[in-house]
**Student:** 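Could you have a look at this structure, given as structure tokens, before my questions?
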Amino acid sequence: MAKADRRPMTLLVMSAEAERLHMALMVGATAAAMGRPVTYFFSKGAIRFLTPGGWADMRTSTGHPAPSMDSDLDSKGIADSSVLMDGLAALDVRIVACETALREHGLEAVDLIKRPAVEVSGLADIIEKGAGGDWLTF
């Protein structure tokens, strides 16, 4: 078996669309399970995903509520957002809330979910720690 790729993977999550958020969660969970260091950077409209109940406010590209999408995925044996978030917590993935996005949306660090743990930081930190790795935008 080939040695696992240890380059960092940074996922910039900006969209509040449920499908994009779900795909970001799947990609990061898979990469982390394969041994890659993974960092999520939630910004713009996606920042609300990191609030308790934030997922319930998200919609698919066709306007369906995100929890309905989760139910559909679960019925097909596909990991839904809560399963993926639990997996990310267990895999010790770094989740960062953009400090600018918090201000933009009138949120504070205390408004964010507790599990998985969420850090508050900025772009300079993300760019520095993601150097030499892969970058994906959702």
Side-chain angles (χ1 to χ4, degrees):
M1 185 172 168
K3 185 177 176 182
D5 185 348
R6 298 290 302 160
R7 289 178 302 145
M9 177 177 280
T10 304
L11 295 98
L12 302 172
V13 187
M14 299 181 302
S15 176
E17 262 186 27
E19 296 102 321
R20 290 179 179 268
L21 286 161
H22 185 263
M23 191 63 190
L25 298 177
M26 287 184 16
V27 170
T30 302
M34 294 172 69
R36 302 242 347 232
V38 173
T39 297
Y40 283 91
F41 186 69
F42 284 84
S43 190
K44 298 297 181 185
I47 196 74
R48 293 204 174 275
F49 175 72
L50 297 179
T51 62
W55 182 243
D57 294 332
M58 303 295 166
R59 298 270 185 261
T60 67
S61 60
T62 57
H64 292 91
S68 295
M69 183 188 82
D70 267 353
S71 294
D72 187 46
L73 292 170
D74 186 56
S75 73
K76 295 175 181 172
I78 300 168
D80 64 21
S81 63
S82 63
V83 168
L84 290 166
M85 287 297 278
D86 285 344
L88 293 173
L91 290 164
D92 201 28
V93 167
R94 183 176 183 225
I95 298 182
V96 180
C98 174
E99 59 192 350
T100 302
L102 289 174
R103 285 194 306 271
E104 181 180 352
H105 291 271
L107 298 169
E108 303 278 335
V110 297
D111 298 325
L112 302 175
I113 58 174
K114 305 299 180 236
R115 185 172 190 277
V118 178
E119 301 172 41
V120 175
S121 194
L123 280 171
D125 172 57
I126 297 303
I127 291 169
E128 179 182 347
K129 291 182 177 155
D134 296 321
W135 293 74
L136 297 171
T137 303
F138 294 89

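Treat the numbers as computed from the prediction; the structure is a model and nothing was measured. All values below come from the heavy atoms of this structure, side chains included, with hydrogens, waters and symmetry mates left out.
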**Student:** Hey, any chance Leu136 and Leu91 share a hydrophobic cluster, counting ILVMFWY side chains that come within less than 4.5 Å of each other, even indirectly?
**Tutor:**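 Yes, one cluster joins them.
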**Student:** Among residues at least two apart in sequence or on other chains, which ones pass ring-ring contact (aromatic ring centres under 6.0 Å, His included) with Phe41?
**Tutor:** none
**Student:** Tell me whether Met85 shares a hydrophobic cluster with Ile78, the cluster being built from Ile, Leu, Val, Met, Phe, Trp, Tyr side chains joined at under 4.5 Å.
**Tutor:** yes
**Student:** Do Asp134 and Thr10 have side chains that get closer than 4.5 Å, going by heavy atoms?
**Tutor:** no
**Student:** Atom CG of Leu84 and atom CE of Met26: how far apart are they, to the nearest 0.5 Å?
**Tutor:** 7.0 Å
**Student:** Taking C-beta and beyond as the side chain, do Leu11 and Val27 meet within less than 4.5 Å on heavy atoms?
**Tutor:** yes
**Student:** Show which residues join Val83 in its hydrophobic cluster (side-chain heavy-atom contacts under 4.5 Å, direct or indirect), or state none.
**Tutor:** none
**Student:** Is any side-chain heavy atom of Val120 closer than 4.5 Å to a side-chain heavy atom of Leu112?
**Tutor:**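 Touching, per the 4.5 Å side-chain cut-off.
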**Student:** Roughly how far, to the nearest 0.5 Å, is CD1 of Ile126 from SG of Cys98?
**Tutor:** 9.0 Å
**Student:** Within the distance-only criterion (no hydrogens, no angle test), does the side chain of Tyr40 pair as donor or acceptor with the backbone N or O of Ala97 below 3.5 angstrom?
**Tutor:** no
**Student:** Could you check if a side-chain atom of Arg7 sits within less than 4.5 angstrom of a side-chain atom of Arg36, using non-hydrogen atoms only?
**Tutor:**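 Yes, side chains in contact.
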**Student:** Who clusters with Met14? Use side-chain heavy atoms, under 4.5 angstrom, across I, L, V, M, F, W and Y, and order the result by chain and number.
**Tutor:** none
**Student:** Assess the residue pair Ile47 and Leu102 against the criterion (side chain to side chain contact (heavy atoms under 4.5 Å, CB included)); give the C-alpha distance rounded to whole Å, side-chain angles, the decisive distance to 0.1 Å, and a yes or no.
**Tutor:** CA-CA 7 Å; Ile47 196 74; Leu102 289 174; 3.8 Å; yes
**Student:** How about Met69 and His22: do any of their side-chain heavy atoms sit closer than 4.5 Å?
**Tutor:**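 SC-SC contact between Met69 and His22 confirmed.
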**Student:** May I have all residue pairs that pass ring pair (Phe, Tyr, Trp, His ring centres under 6.0 Å) and include part of residues 103-138, sequence neighbours excluded?
**Tutor:**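 Ring pair (Phe, Tyr, Trp, His ring centres under 6.0 Å) check on residues 103-138 returns no pairs.
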**Student:** Kindly say whether Pro67 contributes a backbone atom to a donor-acceptor pair with the side chain of Ser71 at under 3.5 angstrom?
**Tutor:** yes
**Student:** According to side-chain hydrogen bond (donor to acceptor under 3.5 Å, both in side chains), who are the partners of Asp125, at least two apart in sequence or on a separate chain?
**Tutor:**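 Once residues adjacent in sequence are excluded, the partners of Asp125 under the side-chain hydrogen bond (donor to acceptor under 3.5 Å, both in side chains) criterion are Arg94, Ser121, Lys129.
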**Student:** Once salt bridge (Lys or Arg N to Asp or Glu O under 4.0 Å) is applied, do any residues pair with Glu19, and if so which ones, sequence neighbours excluded?
**Tutor:** none
**Student:** If you look at every heavy atom in Lys114 and Ala109, which pair is closest and at what distance?
**Tutor:**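 In terms of heavy atoms, the two residues are closest at NZ-O, 4.4 Å.
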**Student:** So, using side-chain hydrogen bond (donor to acceptor under 3.5 Å, both in side chains) as the criterion, who are the partners of Arg103 when residues are at least two apart?
**Tutor:** none
**Student:** Is a donor on one side and an acceptor on the other found under 3.5 Å between the side chain of Asp70 and the backbone of Ser81?
**Tutor:**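 Indeed, once roles are kept as given, a pair shorter than 3.5 Å links the two residues.
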**Student:** Among all residues two or more places apart in sequence or in another chain, which pass the side-chain hydrogen bond (donor to acceptor under 3.5 Å, both in side chains) test with Thr30?
**Tutor:** none
**Student:** Are Leu25 and Leu12 in one and the same hydrophobic cluster, where Ile, Leu, Val, Met, Phe, Trp and Tyr link if side-chain heavy atoms are under 4.5 Å apart?
**Tutor:**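 Leu25 does not cluster with Leu12.
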**Student:** Who are the salt bridge (Lys or Arg N to Asp or Glu O under 4.0 Å) partners of Lys76, not counting sequence neighbours?
**Tutor:**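 For Lys76, the residues satisfying salt bridge (Lys or Arg N to Asp or Glu O under 4.0 Å) (neighbours in sequence not counted) are Asp72.
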**Student:** Minimum heavy-atom separation for Ile95 and Pro116, please, with both atom names.
**Tutor:**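 Minimum heavy-atom separation between Ile95 and Pro116: CD1-CG, 3.4 Å.
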**Student:** Does Thr60 have any side-chain hydrogen bond (donor to acceptor under 3.5 Å, both in side chains) partners at least two apart in sequence or in another chain, and if so, which?
**Tutor:** Thr62
**Student:** Minimum heavy-atom separation for Ile113 and Pro52, please, with both atom names.
**Tutor:** CG2-N, 3.7 Å
**Student:** Please tell me whether Leu107 and Val13 are part of a single hydrophobic cluster in this structure, the criterion being side-chain heavy atoms less than 4.5 Å apart.
**Tutor:**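 Linked, Leu107 and Val13 end up in one cluster.
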**Student:** Could you list all the salt bridge (Lys or Arg N to Asp or Glu O under 4.0 Å) pairs where at least one residue sits in residues 40-66, not counting sequence neighbours?
**Tutor:**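 Matches after skipping sequence neighbours: Lys44-Glu104.
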**Student:** Please, which pairs that meet salt bridge (Lys or Arg N to Asp or Glu O under 4.0 Å) have at least one residue in residues 78-88, sequence neighbours excluded?
**Tutor:**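 Applying salt bridge (Lys or Arg N to Asp or Glu O under 4.0 Å) to every pair that reaches into residues 78-88, excluding sequence neighbours, yields Asp86-Arg115.
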**Student:** Hey, what's the ring geometry for Trp55 with Phe49, parallel, tilted or perpendicular (30° and 60° as the breaks)?
**Tutor:** perpendicular
**Student:** Under a 4.5 Å side-chain heavy-atom rule over Ile, Leu, Val, Met, Phe, Trp and Tyr, are Leu21 and Met9 clustered together?
**Tutor:**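 Yes: a chain of side-chain contacts under 4.5 Å links Leu21 to Met9.
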